[in-house]
Amino acid sequence: DAGITQSPRHKVTETGTPVTLRCHQTENHRYMYWYRQDPGHGLRLIHYSYGVKDTDKGEVSDGYSVSRSKTEDFLLTLESATSSQTSVYFCAIRLELGYEQYFGPGTRLTVT
Amino acid sequence: EDKVVQSPLSLVVHEGDTVTLNCSYEVTNFRSLLWYKQEKKAPTFLFMLTSSGIEKKSGRLSSILDKKELFSILNITATQTGDSAIYLCAVGEYGNKLVFGAGTILRVKS
């Protein structure tokens, strides 16, 4: 499982509230990614990080922010959750060499 | 815009059948093509292909890449109910990112 955990695993929240999802890894990987998965869309990249304090936007970054203050943690924040952000969120790491990514168990977020 | 298209979107087969899943792509800076299997949880890595015409094989699964025609296929022979899953194709671009297709939902009936 590449030593990746995500928390919480499930969350229900109300529209307009802030939400933070956490991705934690134990193997000192430099590259970390946040995706969302929705039916018919596969996995879409939200933000990614290539080191502490080094982050960049993916294709669906609007409404999301990230922070990486230490190697092992990559946080995804929804500043003001909307119903369109109801989704399953996956964190992933990439090994230093190669392109394959390994995924955490996912967080199911429901915004009511 | 970079694009990865998988077909079919879904299919149902019987145990023992052979299936072929397709993935075509249009990306600016192609580096690799990857296949993942997803069963009600996180995607798990199957194959990575970087060179045309070289088959990668793992048990009953095999995959090949055609960089001239910009597509890849994933073959599963002698399917089993445990092969039921979503199969995702992704293209690795220069710059550490993957672009995923929407996936093919495979259901294998006993």
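Below, chains carry the letters A, B, ... as their sequence lines are ordered, and counting in each starts from 1.
- In this structure, Tyr99(A) contributes its side chain and Leu34(B) its backbone to no donor-acceptor pair below 3.5 Å.
- Contacts between Gln37(A) and chain B at a heavy-atom distance below 4.5 Å involve the side chain alone, from C-beta outward.
- Of all heavy-atom pairs spanning Phe45(B) and Glu100(A), the tightest one is CE1-CB, 3.5 Å.
- Among residues 42-54 of chain A, the residues having any heavy atom closer than 4.5 Å to a heavy atom of chain B are, in sequence order, Gly42(A), Leu43(A), Leu45(A), Tyr48(A).
- Annotation: maximal heavy-atom pairing with chain A below 4.5 Å, among Gly101(B), Pro43(B), Gly92(B), occurs at Pro43(B).
- More than 12 heavy atoms of other shown residues, nucleotides or ligands fall within 6.0 angstrom of atom NZ in Lys57(B).
- To the nearest 0.5 angstrom, Tyr33(A) atom OH is 9.5 Å from Lys97(B) atom NZ.
- Here the closest non-hydrogen pair linking Ala42(B) and Gly104(A) is CB-O, 3.0 Å.
- Only the side chain of Tyr36(B) has a heavy atom closer than 4.5 Å to any heavy atom of chain A.
- Around atom CD of Glu14(A), no more than 12 heavy atoms belonging to other residues, nucleotides or ligands sit under 6.0 Å away.
- Residue Gly40(A) comes nearest to Ala102(B) through the heavy atom pair O-CB, 3.4 Å, listed as atom of the first residue, atom of the second, then distance.
- Linking Ile, Leu, Val, Met, Phe, Trp and Tyr residues whenever their side-chain heavy atoms come within less than 4.5 Å places Leu70(B) and Val91(B) in a single cluster.
- Residue contact with chain A, scored on non-hydrogen atoms closer than 4.5 Å, involves the side chain of Gln38(B) exclusively.
- Heavy atoms of Leu88(B) lying under 4.5 Å from chain A belong exclusively to its side chain.
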